[in-house]
Amino acid sequence: MILCLIMVLSTASMMFACDNGGGGGAESTEPYETQIQQGSEHDPKIPAKDYGEYGFTFITEDGDYYVNYIDSDGSSSELIPDAVYRRNTVIEDKYNVTIEQVEATSMSSEIRTQVMSGTTEFDAIIARANILSVLAKEELLYDLNSVPQFNMDAPYWDQNAKTELAMGNKLYYTNCDINIRATPFMIYFNKQIIEDYQLTSPYEYMANDQWTLDNFAALIKAVSRDMDNDGSWTEFDQYGAYLEHHNVSTLLYGSGIRATTNDSTGYPTLTLTGDKLVTAYEKIKEIFSDKTTTFCITCSSLDPHGYDHKFDYARYLFTQDQALFHIAPSDVIPQFADMEHEFGIVPVPKFDSTQPRYYSLFSYYEVLVALPSIIPDLERTGSILEDMNYYSSIITIPVWFETMLSRKYTRDDESEANLSIVKETAVYDVGLFYDFGGMRSKIIDVDPAKNNISTNLAKMKKVIQAEIDDAFGDLAS
């Protein structure tokens, strides 16, 4: 996806120049048409076909938190909805269809009910990874590797996801350029706090290949201030980091540690073991245990103060210079738009400087793309999705990145390069998504201050392996 992004970024910039950042309108039509005509070398060149005004429908989760940018009526002046409208118009004109979106308050039950009835009112699914894992195990999803129109080697299909989410030679859900909003976790940092405390910037650590778990922890420990002088540590004080329980797995994976790793046959094997795991986990436990430098959002009774949830409120506090670090995907960047001081973006740190690359965990709570096991017209579904994916790569993805990297949000050149690093180093682990034997919910993503990971693993190893064997037998056969 990144290669495709680089190829078309200049074209997207042309759109902004002609559009003056205003979004829709007749003045942006010519650059848009030029963009489509230019295309790219990855055009699947699927022949046009008349599907009689068929409503090609995506089912997505209800609520503002899951904004998927699937449907747009063209009335928005904002850049991303306008790009979505343009992409959809190409597909709708080529196939004589309408791109539609329905939202479900209970994705699992809605999909399960419809698929088991033998008829679905949707053609494609965008849902959280943990939900799709359950549906896959229940044999309610279609093997994406079996769709003839899909070129899974094309850059608009995430190549890391293609490999790491495979079960044997089958792939039941994946990431791709249709799914523009979902990215791995990254770390946001407040530049003003770095300056106030006269600390080494994470950018400098990265430049010297020293952005490590130890240096990350040292920066967190350096920031601690009782802002209201009341002698207690609450949301009103200043911290080194706002963290959540699931950031334990984020930091472990950044250290190159995985719960499961697929072998050469696609069989997931348990790899959550060894001295490195214990060492890294103890470092992370130490970070979480110091309540004067780390504020744990998920283990607090933080009042959302009118925000949709306490996580949004915590991000507001981050904009008010009350934490040096916050870990989240890229889709929270707009919440920092009005931040007075500048913030930067870095990948999750390495275990040590000898680690050859960064690893950026894709959360089980982020959404991926799948198909129901019942597909009335496989050619229609495959053609529309493949083309929609391709046109996403040359229309919506460049606009998404251009918007996220605009000076309204991120404020420096390093953030642009680091956001690309995060995308390129995405890590997908079926062990976390399926939560085999509770390896995620009962062993990794629990309060590290109260957890002994080695003891819990020893107790549950047989159950974990049994569930891996059970899932692999159902999904890979």
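Nothing fancy with the numbering, it's 1 onward along the sequence.
A pairwise comparison of heavy atoms in Ile443 and Asn451 identifies O-ND2, 2.8 Å as the closest pair. Here the closest non-hydrogen pair linking Asn247 and Tyr242 is OD1-O, 4.5 Å. Ile384 and Phe56 get closest at one heavy-atom pair: CD1-CD1, 3.7 Å. When every heavy atom of Val422 is checked against every heavy atom of Pro184, the shortest pair comes out as O-CG, 3.6 Å. Closest heavy-atom contact between Ser232 and Asp237: O-OD2, 2.9 Å. Listed here is the closest heavy atom pair of Ile284 and Val248: CD1-O, 3.9 Å.
No hydrogens or angles considered: nothing links the side chains of Ser353 and Thr212 as a donor-acceptor pair under 3.5 Å. In the model, Thr260 has a side-chain atom that pairs as donor or acceptor with a side-chain atom of Asp429 under 3.5 Å. Judged purely by distance below 3.5 Å, without hydrogens or angles, the side chains of Tyr203 and Asn418 never pair a donor atom with an acceptor atom.
Within the 6.0 Å centre-distance limit, the rings of Tyr316 and Tyr307 are counted as a close aromatic pair. Checked against the 6.0 Å centroid criterion, the rings of Tyr253 and Phe185 do not qualify as a close aromatic pair.
In terms of modelled atom types and a separation under 3.5 Å, the side chain of Thr354 and the main chain of Asp352 share no donor-acceptor contact. Looking only at distances, a side-chain donor or acceptor of Thr294 sits under 3.5 Å from a matching main-chain atom of Ile287. Using modelled atom types, no side-chain atom of Ser255 and backbone atom of Ala280 make a donor-acceptor pair closer than 3.5 Å. A donor-acceptor contact shorter than 3.5 Å is absent between the side chain of Tyr365 and the backbone of Asn130. A donor-acceptor contact shorter than 3.5 Å is absent between the side chain of Glu204 and the backbone of Thr200. The backbone N or O of Arg440 sits less than 3.5 Å from a side-chain atom of Asp435, completing a donor-acceptor pair. No side-chain donor-acceptor contact under 3.5 Å links Asn389 to the backbone of Cys176. Between the side chain of Asp177 and the main chain of Ser392, no donor-acceptor pair closer than 3.5 Å is present.
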Please list, one pair per line, the donor and acceptor atoms closer than 3.5 Å that link side chains of residues 159-166 to other protein atoms, with sequence neighbours excluded.
residue: Gln159; atom: OE1; partner: Lys162; partner atom: NZ; Å: 3.0
residue: Gln159; atom: NE2; partner: Met152; partner atom: O; Å: 2.9
residue: Gln159; atom: NE2; partner: Ala154; partner atom: O; Å: 3.1
residue: Gln159; atom: NE2; partner: Trp157; partner atom: O; Å: 2.7
residue: Asn160; atom: ND2; partner: Glu424; partner atom: O; Å: 3.2
residue: Asn160; atom: ND2; partner: Ala426; partner atom: O; Å: 3.1
residue: Lys162; atom: NZ; partner: Asp153; partner atom: OD1; Å: 2.6
residue: Thr163; atom: OG1; partner: Gln159; partner atom: O; Å: 3.3
residue: Glu164; atom: OE1; partner: Arg258; partner atom: NH1; Å: 3.4
residue: Glu164; atom: OE1; partner: Tyr428; partner atom: N; Å: 2.6

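Qualifying side chain to side chain contact (heavy atoms under 4.5 Å, CB included) partners for Ser106, counting only residues two or more places apart in sequence or in other chains: Ser109. Residues passing the salt bridge (Lys or Arg N to Asp or Glu O under 4.0 Å) test with Asp214, sequence neighbours excluded: Lys283. Applying the side chain to side chain contact (heavy atoms under 4.5 Å, CB included) test to Val348 and every residue at least two apart in sequence or in another chain returns Ile187, Thr250, Leu251. The salt bridge (Lys or Arg N to Asp or Glu O under 4.0 Å) check on Asp321 picks up nothing, with sequence neighbours excluded.
Considering CD1 of Ile421 and CE of Met206, their distance stands at 4.0 Å, rounded to 0.5 Å. Between atom CD of residue Glu244 and atom NE2 of residue His326 there is a gap of 6.0 Å, rounded to the nearest 0.5 Å. Atom OH in Tyr239 sits 8.5 Å away from atom OG1 in Thr292 (nearest 0.5 Å). Annotation: the span from Ile131 atom CD1 to Ile125 atom CD1 amounts to 10.5 Å, rounded to 0.5 Å. Annotation: the span from Ser224 atom OG to Gln238 atom CD amounts to 8.5 Å, rounded to 0.5 Å. For the atom pair NZ of Lys350 and OH of Tyr359, the computed distance is 9.5 Å after rounding to the nearest 0.5 Å.
Among pairs with a residue in residues 286-305, those fulfilling salt bridge (Lys or Arg N to Asp or Glu O under 4.0 Å) read Lys221-Glu286, at least two apart in sequence or across chains.
Ile444 has its side chain within reach of Leu272: a pair of non-hydrogen atoms, C-beta onward, lies under 4.5 Å apart. With contacts defined as side-chain heavy-atom distances shorter than 4.5 Å, the pair Lys191/His341 does not qualify. Here the side chains of Met186 and Ser330 are in contact, with some heavy-atom distance below 4.5 Å. The side-chain heavy atoms of Lys310 and Ile297, taken from C-beta on, include a pair separated by under 4.5 Å. Considering only heavy atoms from C-beta on, Tyr85 stays 4.5 Å or farther from Ser75 through its side chain. Inter-residue side-chain proximity for Gln149 and Leu385 is flagged as unmet; no heavy-atom pair is nearer than 4.5 Å. Using a 4.5 Å heavy-atom cutoff, the side chains of Tyr205 and Val346 are not in contact. No side-chain heavy atom of Val102 sits under 4.5 Å from any side-chain heavy atom of Glu110.
Classified by interplanar angle (parallel below 30°, tilted 30° to 60°, perpendicular above 60°), the ring pair Phe336/Phe343 is perpendicular. In this structure, Tyr434 and Tyr173 have tilted ring planes: the angle between them lies in the 30° to 60° band.
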side-chain contact (heavy atoms from CB on, under 4.5 Å) evaluation trace for Leu243 with Ile327: CA-CA 7 Å; Leu243 297 178; Ile327 301 178; 3.7 Å; yes
Check against ring-ring contact (aromatic ring centres under 6.0 Å, His included), Phe362 and Tyr364: CA-CA 7 Å; Phe362 191 93; Tyr364 71 94; over 10 Å; no
Criterion side-chain contact (heavy atoms from CB on, under 4.5 Å) on Val430 and Asn262, from CA distance to verdict: CA-CA 9 Å; Val430 294; Asn262 287 2; 4.2 Å; yes
Candidate pair Leu132 and Tyr172, rule side-chain contact (heavy atoms from CB on, under 4.5 Å), full reasoning: CA-CA 8 Å; Leu132 293 176; Tyr172 293 96; over 6 Å; no
Full working for side-chain contact (heavy atoms from CB on, under 4.5 Å) between Phe318 and Gln335: CA-CA 10 Å; Phe318 175 82; Gln335 296 183 42; over 6 Å; no
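Tested against Asn88, the residues Ile395, Ile99, Thr98, Ile70 include a single side-chain contact (heavy atoms from CB on, under 4.5 Å) partner, Ile99.
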